[in-house]
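Note that the structure is a prediction, hence the values are computed from the model and not measured. Note that ligands are numbered from 1 as they come in the structure, with each ligand's atoms numbered from 1 the same way.
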Amino acid sequence: MIRIINNCFALCTKHSAYAFRVNETGHPEHLHYGASLGWTADTPDGVIENDCAAMAEKRSFELGNTVVYSPDHKTVMLEDLRLEAASVGKGDLRDPFAVVRYADGSTTSDFVFEKAELLKGAKAPLEGLPSSHAAEGEAEQLLVTLKDSASGVALELTYTVYEAFDVICRSSRIVNGSGSDIDVLRLMSAQVDFSEDGFELTSFHGAWTREMEKETVPVKHALVVNSSVCGASSNRSNPFVMLHRPQTCESFGEVWAFNLIYSGNHYESAGVNAYGKTRFLNGINPQGFSFRLAPGEAFQAPEAVMCWSDRGFSGMSQCLHGFVRKHITPDEWQGLSRPVLLNSWEASYFDISESKLLRLARAAQGVGIELFVVDDGWFGRRDDDTSSLGDWFVNKKKFPSGLKAFGEKLKAMGLQFGIWIEPEMISVDSELYRTHPDWSMEIPGRAHSEGRNQRILDMANPAVPEYIGSTPAALLKDTGVNYVKWDMNRVFSDVFSQHLPAERQGETAHRYMLGVYRLFDILTKALPGVLFEGCASGGNRFDLGVLCYCPQIWGSDNTDALCRAHIQEGYSYGYPMNCVSAHVSSVPNHQTLRETPLATRFNVACFGSFGYELNLADLPQAELAKIKAQVELYKKWRDVLQNGDFYRLECGSTHKWICVSKDKRRAVGMLMRELAEANTQYEDFKAAGLDPDLTYRFYSTAEKQDIRQFGDLVNTVSPVHIKQNSLAHNLIARFVKLDGEAECAELSGSALMGSGIRLLPSYGGTGFNDRTRCFPDFSSRLFFIEAI
Ligand code: DGJ
C-alpha cells in the first residue's frame, strides 16, 4: 500500500512500514523504516499525519558548530536530519546520495520536493538496466521528483512496494534540466537514515573458490564500506548486505537486508553521524565513476532492493527468496524444472573432442542425466586459455562434423545439448583481435596487465554487443542448443574505452555493464526457451542483475562438498537455492584434494540447481549404479528441492538444512557433520516451515556400509585374522556389506518443528549395528518428510 497524505508518504508491506514527509524546507525527511505502524488503506488521514508529525525531527535551537540551512530556517541543520536523498554543500557532512558537478565547477546541490505521483499499470523496466518486474496489480509505485532550483537539475526517486514479500525497491534518476553539461559524480540507489545507532553490518566476502564467507562488523562512526571495483559485482564483496541488531539471530530479531540489481562495481556504506544517527547507502561505486549529461539528458541508477523482517535472518531470507523467484527470475523460468546436467569441465578441461565427449555423454545418459554441457575448448583454436576468445566458430579438429551434428547425436541419445561461451572477452591471439584491436579494453600506448591471458571487450562501445550478439547467436541457434553457460573470467584492469572521449572515460565501467545487459538482451531474445546460466570464474558475478536474465548462476569453481556447504549457506541468505548451480565432482576434489563420500557430494549439491561434473566414463560400475540411484531420487524430489522453501537450520561445523514444498506436504532435510568427534552420538533434527497441524512420516533410506570404514576393527568380529587392506579384506568388503541405519518415525508437524526428532545415535567406538549411524568425517544424511 502507498498513501500520500498532504506532505506525508506512507509505504506499507505486509509486516513493514516506510514513511517520509516533506519538511518545512522542502526536503524529503525520512521518518521510519521497520515494523508495521498499523496503517492500512482504512486508517484515517489524520492518524497517519499525526504519526508522521510525531516521528519528525524536533529542534528549538540551532546546534553548535553546524551549518544552518537558511536564515529563514535557523533550526534546520541537514547534518542531522534524516533524509531520503542527501547531496553535498548545504551542511550534510555524511556520505552523500548524489553529487553533481555543474558547468562552473561547483558541486553543491540542494534537491527539494517538486512533485509526487503514483505510477499506474505494470512496472516499466529501467532504461538499459535489468530491474524487478511486476504485472499490473503485483506492486505499487511512487515517483517523487526533487529539483535543485539554482540549476534546474532534477532528481527522481522511485519506490516500488512488493507488499507480500516485505520488499521495497528504490531507484533514482538525474535529469539535466540545466542549460549546460553536468557531470554526475555519484548517484546512489537507496538511502536509509535511521534515528539510532547500535547496528551491525553483515556482508559476504571471499575470492576465487572461496565465495560468500559471512562477516559481521559493528557500525560506528568510521564508515563501514562493502564494495567492488573489479568491474563485476565480485566474489570479494557481494552486493547483498544485512543491517541488524547484535542480538538478531536466525529466528528472532530485526534485520534490514539490501541488495542491488546490478552486476558491476557497487558500493554499500554504513556509518553513524555525530549525533548517533545511522545512514545506509547502496548504489554504483563512485570510485572512478563520472557520467556527463548534456542538457535534457538523464542518468538512471540501478534498482536497490530492501527487505525488513523481525523474524530474524530466516524470516528475511524467506521474503527475499520469494521476491527473487517471482520478481527477478525471468517469467518463463518461474517454477519450471531445471534439467540434471553433466558438465565437461572437471571431466576433461580443454582436452575435449567429439569422440571423447560422446563417450562421456553415453555414460551420462546411462545414469539418467538430462542435459550434456560442453564447457570451454570447443571453438577457434582453443586448446588452453591463451587463445581464441572472440572467435565463436567451431573447432573442426575437435568436432569434425560440426556442433550441429554433435548436438543431433546427443539428442538421438535423449540428451539436451548445452554449451559454454565467454562472450565479453577477447584473446590477443584471435581473429577478432586481429580485425578489431580497438574493441579491446586497453589504453593505447600503455602496457596492458592481463588476467587469465585474456582481455576484456569494450562493451561501452555499442558496436561490440551488437556484433558479439549476432555471431554466437547465429551459431547457437543453428546448433539447436538448450542451455548456455555464460562465463566471464577477468577482473578489470587498464579501464579505458577507445570509443569514448577523454572527458567520458569515467563512464567506461558503467557503460560496460550497459553493453553487457544489451548483449544479454540480444542473446536471450535470439534464443527463446534456452536456459542461460551465469558464471564468472565461479561466483565473481553472482547478483540480481545477472539473475534477471539467467535463472541460475554457477556458485563457485569450488566443488568440494564441505566448502560448498558453506558457500551455499552464504548465498542462501539473499538468494534462493535454485539460483545456485551445484555439481557432484570427483575425489580427491580438484580444488582441495579432499575426499568426501559420494553421498555427501550429492546431498549438498541436490539443494542447488543440480548436476554432475566428473568423468563418468571412467567410473566403476558400482559408482555409476550409485549415481543412477541418486539421479532417480533427485527426480522424485526435484520439485520440492527446486521450488520449495529453503531454511538454514544449523550452520557451522554441523550443517542442517530443510527444503519444504509450497503446500508443506513434502520436505527434504539434510544433516552433515564436518569432523567426527568421539562419543558425541546424539543429534536432533528440528524442522522448520512445515504445517504444525499435519502428521508427517520422517524417514531416511538405509545405505549399505562398507566394512573397510572400520579398518582392522573387522578382527573384532571375524573368526579369522584379516590384515587391513589385504586382498582378503577387499574381497570380503566386496561381498559383505553391513546394514546401515534407517530413520523412521511418524509425528506431528508441531513436534517436528517444536522439539525435533532424536536421531539414531552415531557410532561411538563401542559397537555397530543397524541402529547406529556410521558417521565419520564429512558424512551426511538426507531425510524425507511426507504428510500422511
Ligand atoms: C571458469 C568457470 O567458472 C569454470 O566452470 C569453467 O567454465 C572455466 N571457466 C572454463 O574456462
Let me see the working for Ser233 and Asp543 under side-chain hydrogen bond (donor to acceptor under 3.5 Å, both in side chains), right down to the final yes or no. CA-CA 7 Å; Ser233 47; Asp543 57 67; 2.5 Å; yes
Can you confirm whether the side chains of His266 and Glu268 place a donor and an acceptor under 3.5 Å from each other? yes
Regarding His205 and Ser203, do their side chains bring together a donor and an acceptor under 3.5 Å, going by distance alone? yes
Show every donor-acceptor pair shorter than 3.5 Å between a side-chain atom in residues 605-612 and any protein atom, with sequence neighbours excluded, or say none if there are none.
| residue | atom | partner | partner atom | Å |
| --- | --- | --- | --- | --- |
| Ser609 | OG | Arg338 | NH1 | 3.4 |
| Ser609 | OG | Gln552 | OE1 | 3.2 |
| Ser609 | OG | Asn578 | O | 2.9 |
| Tyr612 | OH | Gln630 | OE1 | 2.7 |

Which parts of the protein, at residue level, reach under 4.0 Å of ligand 1 through a heavy atom? Trp345, Asp375, Asp376, Trp420, Arg452, Lys485, Asp487, Asn489, Cys535, Ser537, Gly538, Trp554, Asp557
Would you say Asp458's side chain and Trp439's backbone share a donor-acceptor pair under 3.5 angstrom? no
Centroid-to-centroid, Phe372 to Phe417, below 6.0 Å? no
